[in-house]
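Here's the structure, in structure tokens; my notes come after.
Quick note: numbers below take in every heavy atom, side chains included, and nothing from hydrogens, waters or symmetry partners.
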Amino acid sequence: MAETGNPHQWGDAGWPFLSEIEDDNANGTGYVCVLDETDELRKVHPEEPTQDHAENRKEELPGDIVGAFSLLYGEEPEPDYGTIEGPGWRRDGRYAVIHRVASSGTRKGVAAFCFAWAAEQYHYLRLDTHADNKVMQSAVEQFGFVYCGTVRHEDAPGDWPAYDYIKKEEPNHAGS
């Protein structure tokens, strides 16, 4: 992240903490993105066996983990989203929140893949990112998320740009 102008988001503190990732996995909210046999990205639950990633390999192989994310759903899966400064959320009620999107850095499109998969599961998504994370902000906006303001996190300083995404309903062309 520091290489792309964002040295502060995950910093030297070791965030995201291993305990958070373990909690995501135990709660069924953590996911990994792996390459399939056709060299395409696919989502699998962390308990599904994957191939060990060999750090010294120059190419990726089917089964390699190339990204990870957390996806939570409910009435208020992210309590820090209760207060937002700016235009505000475009919808009230239940939503899914995407957290801790991470990529191996070896494959482009991991964030967009995570967003698309999440949008297949839930029609209304929210997320936030560090103000310095211009790469994520660009990926979010390119996918179709809309800037809604800033949120503050109890355990992280600063204002975090927050976005939401409302999946457009596909028109029903049955019988036409």
Side-chain angles (χ1 to χ4, degrees), residues 1-10 15-16 20-21 24 28-36 38-46 60 64-82 84-153 156 158-173:
M1 285 190 161
E3 295 166 0
T4 60
N6 183 15
H8 307 291
Q9 182 172 354
W10 289 359
W15 198 91
E20 289 179 302
I21 294 168
D24 289 343
T29 59
Y31 299 90
V32 295
C33 301
V34 299
L35 292 176
D36 69 12
T38 64
D39 199 36
E40 295 294 320
L41 290 169
R42 73 177 177 92
K43 187 274 329 162
V44 295
H45 197 271
E60 298 161 329
D64 281 351
I65 296 173
V66 294
F69 64 104
S70 176
L71 182 66
L72 299 92
Y73 178 75
E75 192 62 42
E76 192 177 6
E78 175 50 77
D80 291 340
Y81 287 0
I84 184 167
E85 297 292 325
W89 303 114
R90 296 182 297 151
R91 185 180 282 180
D92 293 325
R94 299 174 78 77
Y95 62 92
V97 61
I98 301 170
H99 275 312
R100 294 182 278 286
V101 176
S103 166
S104 66
T106 60
R107 175 64 56 137
K108 291 203 177 286
V110 170
F113 179 84
C114 296
F115 303 154
W117 186 86
E120 288 176 12
Q121 313 310 307
Y122 303 103
H123 291 285
Y124 184 47
L125 306 173
R126 292 179 182 177
L127 62 75
D128 65 89
T129 188
H130 194 277
D132 291 342
N133 196 341
K134 303 302 183 198
V135 171
M136 178 59 86
Q137 291 171 37
S138 176
V140 164
E141 291 169 1
Q142 285 179 13
F143 187 79
F145 281 83
V146 174
Y147 175 78
C148 295
T150 58
V151 296
R152 296 182 82 69
H153 290 289
D159 294 327
W160 293 63
Y163 301 82
D164 71 4
Y165 176 84
I166 301 170
K167 184 176 179 180
K168 295 180 179 124
E169 295 297 322
E170 298 290 326
N172 184 354
H173 295 293

| query | Side-chain donor-acceptor pair under 3.5 Å between Asp164 and Tyr124, yes or no? | reply | yes
| query | Is a side-chain donor or acceptor of Lys108 paired with a backbone partner of Gly105 at a separation under 3.5 angstrom? | reply | no
| remark: Smallest heavy-atom separation, Thr129 atom then Trp160 atom, equals C-CE3, 3.2 Å
| request: Could you pull out the closest heavy-atom pair between Ala139 and Ala111, with the gap in Å? | output: CB-CB, 4.2 Å
| query | Ring centres of Tyr165 and Phe143 under 6.0 Å apart? | reply | yes
| Is there side-chain contact between Glu78 and Val151, with heavy atoms separated by less than 4.5 Å? | no
| Nearest atoms (heavy-atom pairs only) where Ile98 meets Leu127 | O-CB, 3.5 Å
| Is it true that the NZ or CZ of Arg126 lies under 6.0 Å from the centre of Trp89's six-membered ring and within 45 degrees of the ring axis? | yes
| pair Tyr31-Leu71: side-chain heavy atoms closer than 4.5 Å | yes
| request: May I ask you to test the Leu125-Tyr163 pair for a side-chain heavy-atom distance under 4.5 Å? | output: no
| Heavy-atom distance under 4.5 Å between the side chains of Phe145 and Glu141, does that happen here? | no
| How many angstroms lie between CG in Asn133 and OG in Ser138, if you round to the nearest 0.5 Å? | 10.0 Å
| task | Compute whether any side-chain donor of one residue and acceptor of the other, for Asp24 and His99, lie under 3.5 angstrom apart. | result | no
| Within a reach of under 6.0 Å around CD of Glu76, are more than 12 heavy atoms found that belong to other residues, nucleotides or ligands? | yes
| query | Roughly how far apart are Phe115 CZ and Gln142 CD, rounded to 0.5 Å? | reply | 10.0 Å
| field | Nearest non-hydrogen partners of Pro161 and Gln137, listed with the distance | value | CG-NE2, 4.0 Å
| said: Taking the side chain as everything from C-beta on, heavy atoms only, tell me whether Val110 gets closer than 4.5 Å to Phe69. | reply: no
| request: Dump the intermediate steps for side-chain contact (heavy atoms from CB on, under 4.5 Å) on Ile166 and His123, then the final yes or no. | output: CA-CA 6 Å; Ile166 301 170; His123 291 285; over 6 Å; no
| task | Test side-chain contact (heavy atoms from CB on, under 4.5 Å) on Val34 and Val66 and set out the steps. | result | CA-CA 6 Å; Val34 299; Val66 294; over 6 Å; no
| field | Pairwise side-chain contact, Pro77 with Tyr95, heavy-atom cut-off 4.5 Å (strictly under) | value | yes
| message | Within this structure, what is the NZ-CG distance for the pair Lys134 and Asp132, rounded to the nearest 0.5 Å? | response | 6.5 Å
| task | Give, for atom OG1 of Thr29 and atom CG of Leu72, the distance between the pair rounded to the nearest 0.5 Å. | result | 4.5 Å
| message | Set out, in order, the CA-CA distance, both residues' side-chain angles and the distance that settles side-chain contact (heavy atoms from CB on, under 4.5 Å) for Tyr73 and Val97, then state yes or no. | response | CA-CA 6 Å; Tyr73 178 75; Val97 61; over 6 Å; no
| query | Would you call Asp159-Arg152 a salt bridge at under 4.0 Å N-O? | reply | yes
| Do Tyr122 and Lys167 touch side chain to side chain, with heavy atoms closer than 4.5 Å? | no
| request: Apply side-chain contact (heavy atoms from CB on, under 4.5 Å) to the pair Cys33 and Ile65, showing each step before the final yes or no. | output: CA-CA 6 Å; Cys33 301; Ile65 296 173; over 6 Å; no
